[in-house]
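Worksheet for the structure shown next.
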Amino acid sequence: MPILGKEWYKGSRVNKHQPLMLYEDISHGCERFAVPVFSNPTFFMDTLVFDTFKYTSRIIDNTGSLASRSATPTFVCRCAGQCSKHCECSSGVYGAGGTVEDMDQLMWDTVRECNENCECALWCGNRVAQKGAMHPVEIFARDPWCGWGVRASVDIPFGTFVGEYTGELIDDEEATDRHDSTFLFETRVGSESLTIDAKYSGNYTRFINHSCSPNVKVANVSWDYDEIQLIHMCFYTDKLIKKGEELTIDYGEAWWTNKKFACMCGSAECRYKAKNKKFG
Ligand SMILES: C[S@@+](CC[C@H](N)C(=O)[O-])C[C@H]1O[C@@H](n2cnc3c(N)ncnc32)[C@H](O)[C@@H]1O
Ligand SMILES: [Zn+2]
Ligand SMILES: [Zn+2]
Ligand SMILES: [Zn+2]
């Protein structure tokens, strides 16, 4: 039985129709949970993307191989079992149970997790995002303007890691050359920038829509060692997200520059709706 969320058409004369499950698992088993896709019976949505786009849970290069960048100094700890908050690897953001306790601290600097050369256990509490998302989500036809969106299939507590933005790692030059900036996600680490394009390959996070009052925050996290030292753009809930609620992030000012459409997030604090937005 498909899961019914708070559909936008609730209360309309067509609400007797059930959304259909169009795909059982677009991750093809890459995630810990199936990622289904649900239609909305009141409008048509093109499903071509699910047949053409390549699902990947890694950051890859243009050949599809795991992307690599030059190494930057990494901490390695010699803790046994569980690392303490004072361990040199720990940024101190994760509390017991692997959830984030202080959102401001998460956003402040790169979060360091333990890496493969650390001697602590795999169950060390400083290994969170590297293990992948644990809470199931699903893709749904949100509305004709925003298109597809992502919603929670279960209640997801505050401070929970819910996914990493994956796709193709591209350099600055390539990013300016790409004609479609829709799925470009950029972050800065010091003077370096890192851009991922999830247009052709990525995971369910590329379907997360923008809201001016988002319930998910994005942070830079590192857990690779040596050759494949990369910063990962990781998503954490900033509120308790109830089953059926949409997950949203703030795409940021730069993303909205030059976009020819207005924001449809519906928030009272919307910054990019038609009357606020300077088009072009
Ligand atoms: C990264 S994609 C998100 C997934 C997208 N909804 C889809 O169907 O593939 C970004 C695109 O989603 C739509 N979108 C996301 N958030 C929106 C918002 N708040 N208002 C209007 N459109 C939005 C826009 O078309 C935007 O270019
Ligand atoms: Zn340690
Ligand atoms: Zn550790
Ligand atoms: Zn908005």
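Scope of the values below: all heavy atoms of this structure, side chains included, with no hydrogens, waters or symmetry mates. Nothing fancy with the numbering, it's 1 onward along the sequence. Both counts, for ligands and for their atoms, begin at 1 and track the order of listing.
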Could you check whether [Y] and [X] have their ring centres less than 6.0 Å apart?
{"X": "Phe50", "Y": "Tyr23", "answer": "yes"}
{"X": "Phe207", "Y": "Phe53", "answer": "yes"}
{"X": "Tyr272", "Y": "His210", "answer": "yes"}
{"X": "Trp256", "Y": "Phe261", "answer": "yes"}

Quick test: of every protein heavy atom, which one is nearest to [atom], and how far off is it to 0.1 Å?
{"atom": "atom 11 (C) of ligand 1", "value": "Thr182 CG2, 3.8 Å"}
{"atom": "atom 14 (N) of ligand 1", "value": "Asn209 OD1, 3.7 Å"}
{"atom": "atom 20 (N) of ligand 1", "value": "Met264 N, 2.8 Å"}
{"atom": "atom 19 (N) of ligand 1", "value": "His210 O, 2.9 Å"}

* Asked: Are His135 and Thr160 side-chain neighbours, meaning at least one heavy-atom pair lies under 4.5 Å?
  ->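 A side-chain contact under 4.5 Å exists here.
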* Asked: Would Arg127 count as a cation-pi partner of Tyr94, with NZ or CZ less than 6.0 Å from the six-membered ring centre and within 45° of the ring normal?
  ->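 No cation-pi geometry.
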Give the atoms of ligand 1, by number and element, whose distance to some non-hydrogen atom of [X] is under 4.0 Å.
{"X": "Arg206", "result": "1 (C), 2 (S), 3 (C), 4 (C)"}
{"X": "Phe261", "result": "22 (N), 24 (C), 26 (C), 27 (O)"}
{"X": "Cys263", "result": "19 (N), 20 (N)"}

Identify each donor-acceptor pair in which a side-chain atom of residues 118-126 lies under 3.5 Å from a protein atom, sequence neighbours left out, and give them as a table.
residue : atom : partner : partner atom : Å
Glu119  : OE2  : Arg78   : NH1          : 3.0
Asn126  : ND2  : Arg112  : O            : 3.3

Strictly distance-based, threshold 3.5 Å: is any side-chain N or O of [X] a donor or acceptor partner for the main-chain N or O of [Y]?
{"X": "Gln105", "Y": "Asp102", "value": "no"}
{"X": "Asp155", "Y": "Lys243", "value": "yes"}
{"X": "Asp61", "Y": "Gly64", "value": "yes"}
{"X": "Ser39", "Y": "Pro19", "value": "no"}
{"X": "Glu186", "Y": "Ile196", "value": "no"}

* Nonpolar side-chain network containing Ile170, other nodes, edges under 4.5 Å ->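 Besides Ile170, the hydrophobic cluster comprises Leu184, listed by chain and residue number.
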* Asked: Any chain of hydrophobic side-chain contacts (each under 4.5 Å) joining Phe33 to Ile208?
  ->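 Phe33 clusters together with Ile208.
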* Among protein atoms, how many N/O/S atoms lie less than 2.8 Å from the Zn ion (ligand 3)? ->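 Total protein N/O/S atoms under 2.8 Å from the Zn ion (ligand 3): 4.
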With a cutoff of 4.0 Å, is [X] in contact with ligand 1, counting heavy atoms of the residue only?
{"X": "Trp255", "result": "yes"}
{"X": "Tyr251", "result": "yes"}
{"X": "Ala262", "result": "yes"}
{"X": "Cys146", "result": "yes"}

* Under 2.8 Å from the Zn ion (ligand 4), which protein N, O or S atoms are there? Could you list them by chain and number? =>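 Checking every protein N, O and S atom gives Cys212 SG, Cys263 SG, Cys265 SG, Cys270 SG.
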* With heavy atoms under 4.0 Å as the rule, classify the contact between Phe183 and ligand 1 as side chain, backbone, both or neither. =>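 Contact part for Phe183 vs ligand 1: side chain (C-beta onward).
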* Asked: Which is it for Ile208 and ligand 1 at heavy atoms under 4.0 Å: side chain, backbone, both or neither?
  ->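 Backbone only; the side chain of Ile208 stays clear of ligand 1.
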* **Nearest-option assignment for atom 5 (C) of ligand 1, heavy atoms, candidates Trp148, Tyr165, Phe185** =>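 The residue whose heavy atom sits nearest atom 5 (C) of ligand 1 is Trp148.
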* Asked: With a 4.0 Å cut-off, would you call Glu246 and Arg142 a salt bridge?
  ->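 So Glu246 pairs with Arg142 through a salt bridge.
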* **Residue of the set Arg58, His232, Gln130 for which side-chain hydrogen bond (donor to acceptor under 3.5 Å, both in side chains) holds with Glu164** =>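 Single pass found, and it is His232.
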